[in-house]
Amino acid sequence: MIGRLRSLPFATRLPLRRLLAAAAVLGLAGCAVGPDFQRPAAPAVGRLTAAPLPATTASADVAGGEQQRFVPGGDIPAQWWTLFHSAELNALIEQSLAHNADLKAAQAALTVAHENARAQRGAYYPAVDGSFSATRQKQSQQVAPGPNYPVVPQEYLYSFFTPQLSISYAPDLFGLNRRAVESVEAQEQSARFQMIAARITLSTNVVATAVQQASLRAQIDATRELIAIDSKMVDILRYQLAKGYAGRLDLAAQESQLAQLQATLPPLLTRLDQQNDLLAVLAGRLPSEAPAQAFDLASLQLPQQLPLSLPSTLVAQRPDVRQAEANMHAASANIGVAIANRLPNISLTANVGSTAVAIDQVFKSGTGFWGIGADIAAPIFHGGSLLHQERAAKAAYVQASEQYRSTVLTAFQNVADTLAALQHDAEGLQAASSAAQAAKLTLDLSQRQYKDGYAGYLSLLGAEQGYQQARIALVQAQASRYADTAALFQALGGGWWNAADATQADAASKQPHPSDSDHAKADRDSDEK
């Protein structure tokens, strides 16, 4: 554009430069109507739960029964799942983060929001359009002569060549453009935190699914052993019935118990297949391409240090809360947009170019033309639509603020629920471990008594049955401990702020709103890159 301006005559360039200077002054002198957004304050609470938390959870001498200690103010690593010390789990989560379709969709949505924000920032600058027209026409001999008259008196067929530069600019006197840019930039932040939440949810789901898969595999093994034990008991009772040592009622009761136990196996197998399919989909694969990892609870290490965010920092760590805050910010900026739409609007225009009858005469002396103009338009009557749009924008801000408050309450509820589950499930695992130990002791004594002839085989099988049932309950309690720990990391925000790229983006989002000159410099730097 500068090169083209320099090629124009000085008399043509001068009004254009004055127009651009006046546009810059008007753009910088304007003010932005509407409210300036203020980040809501964190809830003034001293703790996350109704009752004070104990320093540690209960413990049990089994896998997953380690004592966990709460660390107030502790931080969460960005890759918190590595605290389970499972190479297979780490690999599966990395595959999921690289190939999951939902996460990729969230990342694409962030790119869309980012590009929309950059596109909206174009409203800060004048719109410059270039055109070139070439026409050839024949003039009627009954009207005015052609352009070369009287040099060529009979020339009625001639051409016109017109290169032209058109410039238009709307000074942002009342901050319409600034509020619009503020709104789309807040929407970009909303999309960013939505993507972060999708990433945290994905990693948590992979951990929870892997734990559930390990639990189901152990439950299926114990159930099959129980079925084998009950089948032996049925065979013994049938033999005793044939010999007259047992009644038909005893056999019928045992057959009923066996049938009930056999009925529990297919649902477990179905759930295991579903977990395997889910792991495949989470990793971006088809169910037929399910990952080969077969997880075992004994291969996972329960994290023993549990970070406990302060209530004042929880709202800054939860991506859903930050997303709700960004939506609230966008709604606040939209109020300014609605107010500015009811105020006068100024537009400046300029045209500069050259018209000649031969292409080699373009830009020669005497062929140039220019024109500048200024228009001001103010809404007078729009049937009340602009007023109601402003009221709707204000109501949308109230809606967004209440949704933000609801999100904050839900965030605190999630943390409180997870902390309660951590305590009570630890106590449940302790009880299940004691029950399993008691059942194992009963089985050992029954085996000794059977060996020494003091107990019958049915008594031994009953002890084995009780032990296997206790094993199933123990496995379920162990799985709850691992799942609770993963849920706590998710409830506290997942440590996204410790990722280098997230830290830089979060710092940028906290900077004050840039001026027009800052936007110009940022765009120039981006174009150079």
Side-chain angles (χ1 to χ4, degrees), residues 56-71 74-100 103 196-219 272 275-276 278-283 290-309 317 414-415 417-419 421-426 428-430 432-433 474-499:
T56 59
T57 65
S59 63
D61 191 17
V62 292
E66 294 83 1
Q67 186 181 73
Q68 293 179 305
R69 184 171 67 89
F70 296 111
V71 183
D75 202 6
I76 301 174
Q79 296 181 337
W80 54 266
W81 53 86
T82 59
L83 299 177
F84 290 95
H85 296 283
S86 171
E88 293 80 6
L89 181 61
N90 296 343
L92 185 57
I93 290 180
E94 292 302 326
Q95 293 173 16
S96 300
L97 294 177
H99 303 292
N100 182 264
L103 181 58
I196 292 174
R199 179 185 176 90
I200 297 171
T201 300
L202 173 62
S203 56
T204 305
N205 286 342
V206 172
V207 174
T209 305
V211 168
Q212 186 66 10
Q213 183 208 60
S215 173
L216 288 170
R217 290 177 62 246
Q219 292 180 54
L272 179 59
Q275 297 303 308
N276 292 334
L278 179 57
L279 281 178
V281 172
L282 291 175
Q293 289 96 332
F295 293 97
D296 187 353
L297 292 179
S299 65
L300 301 176
Q301 181 175 327
L302 189 70
Q304 299 181 28
Q305 304 292 326
L306 297 181
L308 201 59
S309 300
Q317 295 176 352
N414 291 157
V415 176
D417 290 347
T418 305
L419 292 175
L422 279 166
Q423 298 177 69
H424 301 316
D425 287 344
L429 177 58
Q430 189 179 58
S433 176
L474 179 61
V475 167
Q476 293 173 340
Q478 287 174 305
S480 296
R481 292 293 307 279
Y482 292 109
D484 292 341
T485 303
L488 178 64
F489 290 135
Q490 181 186 22
L492 294 177
W496 61 268
W497 54 91
N498 285 322

Identify every side-chain donor-acceptor pair in residues 88-95 under 3.5 Å, counting partners at least two apart or on other chains, and give the distances.
unit_1 : atom_1 : unit_2 : atom_2 : d
Asn90  : ND2    : Ser86  : O      : 3.3
Gln95  : OE1    : Arg285 : NH2    : 2.5

Using the test side-chain hydrogen bond (donor to acceptor under 3.5 Å, both in side chains), find all partners of [X] that sit at least two apart in sequence or belong to another chain.
{"X": "Asn205", "answer": "none"}
{"X": "Gln478", "answer": "none"}
{"X": "Ser203", "answer": "none"}
{"X": "Ser309", "answer": "Gln317"}

Considering non-hydrogen atoms only, spot the tightest contact between [X] and [Y] and give its length.
{"X": "Leu429", "Y": "Gly65", "result": "CD2-CA, 3.4 Å"}
{"X": "Gly494", "Y": "Ile76", "result": "C-CG2, 4.1 Å"}
{"X": "Ala63", "Y": "Ala298", "result": "CB-CA, 4.4 Å"}
{"X": "Ser96", "Y": "Ala283", "result": "OG-CA, 3.5 Å"}
{"X": "Ala58", "Y": "Ala426", "result": "O-CB, 3.7 Å"}

Please report the interatomic distance [atom1]([X]) to [atom2]([Y]), rounded to the nearest 0.5 Å.
{"X": "Leu302", "Y": "Tyr482", "atom1": "CG", "atom2": "OH", "answer": "6.0 Å"}
{"X": "Ile196", "Y": "Trp497", "atom1": "CD1", "atom2": "CH2", "answer": "10.5 Å"}
{"X": "Thr418", "Y": "Leu306", "atom1": "OG1", "atom2": "CG", "answer": "11.0 Å"}
{"X": "Leu202", "Y": "Arg199", "atom1": "CG", "atom2": "CZ", "answer": "8.5 Å"}
{"X": "Gln275", "Y": "Gln213", "atom1": "CD", "atom2": "CD", "answer": "8.0 Å"}
{"X": "Thr204", "Y": "Trp81", "atom1": "OG1", "atom2": "CH2", "answer": "9.0 Å"}

Using the test side chain to side chain contact (heavy atoms under 4.5 Å, CB included), find all partners of [X] that sit at least two apart in sequence or belong to another chain.
{"X": "Ala78", "value": "Asn498, Ala499"}
{"X": "His424", "value": "Ala420, Glu427"}
{"X": "Gln476", "value": "Gln219, Ile472"}
{"X": "Ala197", "value": "Pro319"}

For residues Pro77 and Leu83, determine if any side-chain heavy atom of one lies less than 4.5 Å from a side-chain heavy atom of the other. yes

Below 3.5 Å, can you tabulate the donor-acceptor pairs from side chains in residues 483-490 to any protein atom, sequence neighbours excluded?
unit_1 : atom_1 : unit_2 : atom_2 : d
Thr485 : OG1    : Gln68  : NE2    : 3.1
Thr485 : OG1    : Arg481 : O      : 2.9

Among Glu66, Gln304, Gln67, which residue satisfies the side chain to side chain contact (heavy atoms under 4.5 Å, CB included) criterion with Ser59? Gln67

Step-by-step side chain to side chain contact (heavy atoms under 4.5 Å, CB included) determination, Ile200 to Trp496: CA-CA 8 Å; Ile200 297 171; Trp496 61 268; 4.0 Å; yes

Give a yes or no on whether the backbone of Leu103 and the side-chain of Asn100 come within a donor-acceptor separation of less than 3.5 Å. yes

Please lay out, stage by stage, how Leu474 and Ser433 fare under the test side chain to side chain contact (heavy atoms under 4.5 Å, CB included). CA-CA 6 Å; Leu474 179 61; Ser433 176; 4.2 Å; yes

Using only heavy-atom distances, determine whether the side chains of Arg69 and Gln305 contain a donor-acceptor pair under 3.5 Å. yes

